[in-house]
Amino acid sequence: MPEYILEILRRLTGAGFEAYAVGGCVRDTLMGRVPHDWDVATSASCEQVAALFERTVPTGLKYGTVTVLLPGGGAEVTTFRRDGAYLNGRQPESVAFVTDIREDLSRRDFTVNAMAMDGAGEIADPFGGREDIRRRVIRCVGEPERRFAEDALRMARAVRFAAVLGFRIDGATLAALRRLAPLAEKLSAERVLAELQKTLLSPRPQGAALMIDYGLLGRFMTEKRKINAAPLADTPEELRTAVFALLVRAAGGTRDAEAFLRGLRAPAREAKLAGEAWTVYQELSPRPEDGELRRQLARRDSRAVLAACAARGEYRRARALAEERRFVRPRELALKGSELRELGLEGEAIARALETLALAVTDGAVPNTREALTAYARQHCIR
Ligand code: ATP
Ligand code: MG
């Protein structure tokens with residue numbers, strides 16, 4: 001446990017309160033993973049927490065959360081609570097503060113996320129989280145149907161944690177997920193996208209296909225289709241969202257890869273990339289040779305070409321060709337648009353001629369010199 005977390009726990013317990021590290025950080029520590037943040041649960045109220053530390057931020061007083069800032073780092077400190085009724089399947093209508101850590105742990109989504117650790121390293125684990133880590137399963141705390149009905153986001157979180165941790169979803173939890181997946185229709189696109197992207201950025205990005213298989217993305221698709229997610233394993237992180245959209249498009253799950261990502265409220269540039277990549281994807285022949293890929297790299301945005309090739313399971317080769325750089329783009333030609341104008345070309349015809357020349361140089365049909373390109377343009381681009 002980092003020193004600043006120990007310090008937070010010490011100060012709270014020194015003042016007579018209970019205090020524990022809880023949730024993901026305990027799970028990650030037990031698994032030998034490095035937690036990316038630490039959350040603290042305490043019997044102290046927000047006011048009592050604020051009174052014990054010099055620097056605090058009232059992050060979510062309604063939910064009992066204050067952020068405590070120490071020189072070594074900050075942590076969210078939340079008063080033990082029980083969640084009231086979930087009215088709209090999203091946030092609890094109300095929360096009630098409670099005195100028992102076990103009650104706080106019982107509101108949490110999965111057994112592996114429902115453990116607490118005190119400053120001495122003692123673990124509270126009332127739902128068998130350690131055993132589920134050992135069995136490598138994601139299992140709901142309590143009755144799965146009820147927990148998913150309360151908060152449909154938990155279904156997407158189950159898929160996400162399974163991919164991130166390399167676990168499978170336990171039988172009863174999975175059965176409930178399959179049955180209640182239609183409730184995901186109510187979730188905001190932003191929250192679904194966040195879980196989808198965490199899944200795509202995990203060591204098992206193919207897990208994202210499960211979101212489709214279980215029906216969690218139904219509202220964003222025009223047709224229910226299974227995707228072939230295998231290519232995601234070989235796709236670099238920064239292209240995975242676009243490649244996922246291509247795979248959905250290729251399977252006929254959407255009519256438009258760009259619109260699919262816009263529907264999910266992905267950043268506009270991500271959606272645009274998917275749209276451009278789909279254009280390339282369609283142009284590619286079934287078994288593109290190196291020359292064909294070089295021609296694509298000469299004409300199109302290279303990220304779009306790489307994404308299209310990744311969706312075809314050809315990322316490595318495309319990447320190698322992009323790095324080898326045996327292709328020339330229109331703006332790298334030794335002949336400029338203005339010089340083509342002097343040869344009598346105008347507007348669109350200039351852009352087309354530049355592309356023709358770039359492809360000719362890329363193919364090795366003509367050297368990239370002013371004289372050679374002028375002669376080639378006279379012969380091939382001017383009527
Ligand atoms: P990560 O490594 O992604 O931060 P995490 O387990 O810390 O994983 P968070 O989303 O940060 O997950 O949530 C912190 C903790 O709060 C979880 O471990 C879980 O105990 C609880 N929690 C979060 N979201 C929910 C939810 N929708 N329903 C029930 N409990 C939740
Ligand atoms: Mg967290």
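As the structure lists them, so they are numbered: ligands from 1, and atoms in each ligand from 1.
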Arg249 to Phe260, cation-pi by 6.0 Å centre distance and 45° axis angle:
no

Donor + acceptor pair across side chains of Thr65, Thr78 (<3.5 Å)
yes

Can you name the atoms of ligand 1, numbered from 1 with element, that are less than 4.0 Å from a heavy atom of Arg27?
2 (O), 5 (P), 6 (O), 8 (O)

Select one of side chain, backbone, both or neither to describe which atoms of Asp109 lie under 4.0 Å from any atom of ligand 1, heavy atoms only.
both

For ligand 1, which atoms have a heavy atom of Gly24 less than 4.0 angstrom away?
5 (P), 6 (O), 7 (O), 18 (O)

Could you tell me whether Lys198 and ligand 1 have an N or O pair separated by under 3.5 Å?
no

Atom indices of ligand 1 within 4.0 angstrom of His36 heavy atoms, with elements
1 (P), 2 (O), 3 (O), 4 (O)

Give the table of side-chain donor-acceptor pairs shorter than 3.5 Å for residues 36-43, with sequence neighbours excluded, one pair per line with atom names and distance.
unit_1: Thr42; atom_1: OG1; unit_2: Glu18; atom_2: O; d: 2.7
unit_1: Thr42; atom_1: OG1; unit_2: Ala44; atom_2: N; d: 3.1
unit_1: Ser43; atom_1: OG; unit_2: Glu18; atom_2: N; d: 2.8

Proximity flag Arg157 to ligand 1, non-hydrogen atoms under 4.0 Å:
yes

Near Glu289 CD, under 6.0 Å, is it more than 12 heavy atoms from other residues, nucleotides or ligands?
no

Per-atom contacts of ligand 1 with Asn113, taking only distances under 4.0 Å to non-hydrogen atoms:
6 (O), 18 (O), 19 (C), 20 (O)

Is it true that, when you exclude Arg316 itself, more than 12 heavy atoms of the residues, nucleotides or ligands shown sit nearer than 6.0 Å to its CZ?
no

Within 6.0 angstrom of Glu348 CD, more than 12 heavy atoms from elsewhere
no

Closest candidate by heavy atom, reference atom 14 (C) of ligand 1, pool Val22, Asp39, Asp37
Asp39

Let me have the donor-acceptor pairs involving side chains of residues 206-216, under 3.5 Å, with sequence neighbours excluded, atom names and distances please.
none

Ligand 1 versus Arg107, non-hydrogen atoms closer than 4.0 Å: side chain, backbone, both, neither?
backbone

Any idea which atoms of ligand 1 are less than 4.0 Å away from a heavy-atom of Gly23?
18 (O)

Which ligand 1 atoms does Asp151 reach within 4.0 Å, using its non-hydrogen atoms?
26 (C), 27 (N), 28 (N)

Can you list the ligand 1 atoms lying under 4.0 Å from a non-hydrogen atom of Phe161?
6 (O), 8 (O), 12 (O)

Contact partition for Arg33 relative to ligand 1, non-hydrogen atoms under 4.0 Å:
neither

Are any of the side-chain nitrogens in Arg81 or Asp83 under 4.0 Å away from the carboxylate oxygens of its partner?
yes

Where on Phe110 is there a heavy atom closer than 4.0 Å to ligand 1, on the side chain, on the backbone, on both, or on neither?
neither

Identify whether NZ of Lys or CZ of Arg in Arg325 sits under 6.0 Å from the centre of the six-membered ring of Phe327 and within 45° of that ring's axis.
yes

